[in-house]
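Here the structure is a predicted model, which is why all the values come from computation and not from measurement.
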2 protein chains.
Amino acid sequence: MNALHLDNQLCFAVHAASRAFDALYRRQLTELGLTYPQYLVMLVLWEREPLSVKELGTALRLDSGTLSPLLKRLEAAGLVDRERDPADERSVLVRLTPEGARLRERAEPLPGRMLESTGMSPGELADLHAALGRLTRSLTEAAR
Amino acid sequence: MNALHLDNQLCFAVHAASRAFDALYRRQLTELGLTYPQYLVMLVLWEREPLSVKELGTALRLDSGTLSPLLKRLEAAGLVDRERDPADERSVLVRLTPEGARLRERAEPLPGRMLESTGMSPGELADLHAALGRLTRSLTEAAR
DNA sequence: TACAACTCGATTGTGCACAACTTAATTGGG
DNA sequence: CCCAATTAAGTTGTGCACAATCGAGTTGTA
């Protein structure tokens, strides 16, 4: 047993799973004209809008260095609008265009299909989801 | 319960955990002069060398588009050497320099510290590791 | 109220991930 | 034996992630 062995490292298992999800989503999302991180942004906006870049960043744990260009691409694709918040000119409010809102219907079947591709039972999925939540909190805590 | 809600999506939990690991590793690795993906490459080479780019890619599930520039940076840092395989001129064999081999000792304490930062028991870790393995296999299978 | 501290967002630079393509070497079937 | 198919690396282009930095707007306090 060697602690430096790749197969023994949880980090690699997480990394690999993340890329496997990403690859599967990529296929499903190309027909919607979205990348996976763009899809995550749309998920948040379908839930609640308008949101400032800051609020989006809090929800997705991303900073403006990632979000600014991503949102610019979503705007260029006609899916979102951006405007300065009149109440606080530092903030930029992001909202869905009608086309962005309409895209939700075409995205609706995605989570179900993805869930099916995991090949896991609802119980297993719940356990895994919970364990990952604990893990992320511990790692974030350790990084402070 | 809304299937499109971010918090209900396993994919986001995996994505977030992966980035949390990445962030914590980044801190530990800067003093070794490595990024996290470079560290993964070194892990494989510490285990077994020489390896062709192809074999490294199989172990890490990465293609030459990712590995070629990464290996070039490791070479520039003096940690690996690259040379064409005399037995098959298509292949490039990657091996550790003495400096690259020496770095292993400084990396030795890392997995233990990371494990500690997960805040999980060995049993929990084993379960999570196994679940992620099943997940990655299912997702990879579904993408075929 | 003046101004220092802070907040928000955008930008720049580095590196990873992957698709699509190119080039060179090898292999195998007719 | 020859050439078409295959294989291995590398290159190019796009997009994500993040650190560091900047400028404009806001806030708290002396």
Side-chain angles (χ1 to χ4, degrees), chain A residues 11-12 15-27 29-30 33-42 50-58 60-77 80 82-94 140 143, chain B residues 11-12 15-27 29-30 33-42 50-58 60-77 80 82-94 140 143:
Chain A
C11 64
F12 183 69
H15 193 67
S18 176
R19 287 193 293 130
F21 252 129
D22 196 34
L24 194 51
Y25 263 111
R26 202 191 320 281
R27 317 190 134 205
L29 288 170
T30 41
L34 293 175
T35 66
Y36 175 57
Q38 287 166 12
Y39 168 69
L40 293 179
V41 168
M42 295 300 286
L51 285 174
S52 69
V53 174
K54 174 73 175 172
E55 291 168 320
L56 271 171
T58 302
L60 296 165
R61 279 142 191 69
L62 291 171
D63 68 7
S64 68
T66 301
L67 283 172
S68 287
L70 188 156
L71 291 170
K72 208 184 284 183
R73 284 186 284 271
L74 285 180
E75 189 176 34
V80 306
R82 291 189 297 167
E83 62 168 344
R84 291 273 159 195
D85 183 347
D88 183 343
E89 292 278 344
R90 289 171 306 177
S91 291
V92 166
L93 294 179
V94 181
T140 306
Chain B
C11 64
F12 183 69
H15 194 67
S18 177
R19 286 194 292 130
F21 252 129
D22 197 34
L24 194 51
Y25 264 111
R26 201 191 321 280
R27 318 189 134 205
L29 288 171
T30 42
L34 292 175
T35 65
Y36 176 57
Q38 286 167 12
Y39 169 70
L40 293 179
V41 168
M42 295 301 285
L51 285 175
S52 68
V53 175
K54 174 73 176 172
E55 290 168 319
L56 272 171
T58 302
L60 296 166
R61 279 141 192 68
L62 291 171
D63 68 7
S64 68
T66 301
L67 284 172
S68 286
L70 188 157
L71 290 170
K72 209 184 283 183
R73 284 185 285 270
L74 286 180
E75 190 176 34
V80 306
R82 292 188 297 167
E83 61 168 344
R84 291 274 161 192
D85 183 347
D88 184 343
E89 292 278 342
R90 289 172 304 178
S91 289
V92 166
L93 294 179
V94 181
T140 305

With a 4.0 Å limit, can you tell me whether [X] has a side-chain N or O closer than that to the phosphate oxygens OP1/OP2 of [N]?
{"X": "B:K72", "N": "D:dA9", "answer": "no"}
{"X": "A:T35", "N": "D:dT14", "answer": "no"}
{"X": "A:R84", "N": "D:dT26", "answer": "no"}

I'd like to know if the side chain of [X] reaches the main chain of [Y], judged simply by a donor and an acceptor atom lying under 3.5 Å from each other, with no hydrogens or angles considered.
{"X": "A:T30", "Y": "A:R27", "answer": "yes"}
{"X": "A:E75", "Y": "A:K72", "answer": "no"}
{"X": "B:S64", "Y": "B:L67", "answer": "no"}

Subject >> Set of residues satisfying side-chain contact (heavy atoms from CB on, under 4.5 Å) with respect to A:R84, sequence neighbours excluded >> reply: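 In terms of side-chain contact (heavy atoms from CB on, under 4.5 Å), with neighbours along the sequence ignored, A:R84 is linked to A:E89, A:V92.
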Subject >> Any residue meeting ring-ring contact (aromatic ring centres under 6.0 Å, His included) with A:Y25, in chain and number order, not counting sequence neighbours >> reply: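 Listed in chain order: A:Y36, A:Y39.
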Subject >> Residue closer to the 5' end of DNA chain D, A:P69 versus B:V92 (nearest nucleotide) >> reply: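 Its nearest nucleotide lies further toward 5', so the answer is B:V92.
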Figure out the [atom1]/[atom2] separation between [X] and [N], and round it to whole Å.
{"X": "A:L71", "N": "C:dC8", "atom1": "CG", "atom2": "C1'", "value": "14 Å"}
{"X": "B:L56", "N": "D:dA8", "atom1": "CG", "atom2": "P", "value": "13 Å"}
{"X": "A:K54", "N": "D:dT26", "atom1": "NZ", "atom2": "P", "value": "17 Å"}
{"X": "B:E75", "N": "D:dA9", "atom1": "CD", "atom2": "P", "value": "14 Å"}
{"X": "B:L67", "N": "C:dG15", "atom1": "CG", "atom2": "C1'", "value": "13 Å"}
{"X": "B:L93", "N": "D:dG10", "atom1": "CG", "atom2": "P", "value": "11 Å"}
{"X": "A:E55", "N": "C:dC8", "atom1": "CD", "atom2": "P", "value": "9 Å"}

Subject >> Check: A:L93 and A:V53 side chains under 4.5 Å, non-hydrogen atoms >> reply: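 Sidechains of A:L93 and A:V53: no contact.
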Original post:
NA contact type, B:R27, heavy-atom cut-off 4.0 Å: base, sugar-phosphate, or nothing?
Top reply: nothing
Original post:
Contact class for B:S68 (heavy atom, under 4.0 Å): base, sugar-phosphate, or nothing?
Top reply: base
Original post:
What heavy-atom pair brings B:L70 and B:V41 nearest, and what distance separates the two atoms?
Top reply: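 For B:L70 and B:V41, the tightest heavy-atom pair comes out as CD2-CG2, 3.8 Å.
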**OP:** For each nucleotide in nucleotides 17-26 of chain C, reading 5' to 3', give B when a protein heavy atom comes within less than 4.0 Å of its base, S when such contact involves only the sugar-phosphate, and - otherwise.
**Re:** BBB-----BS
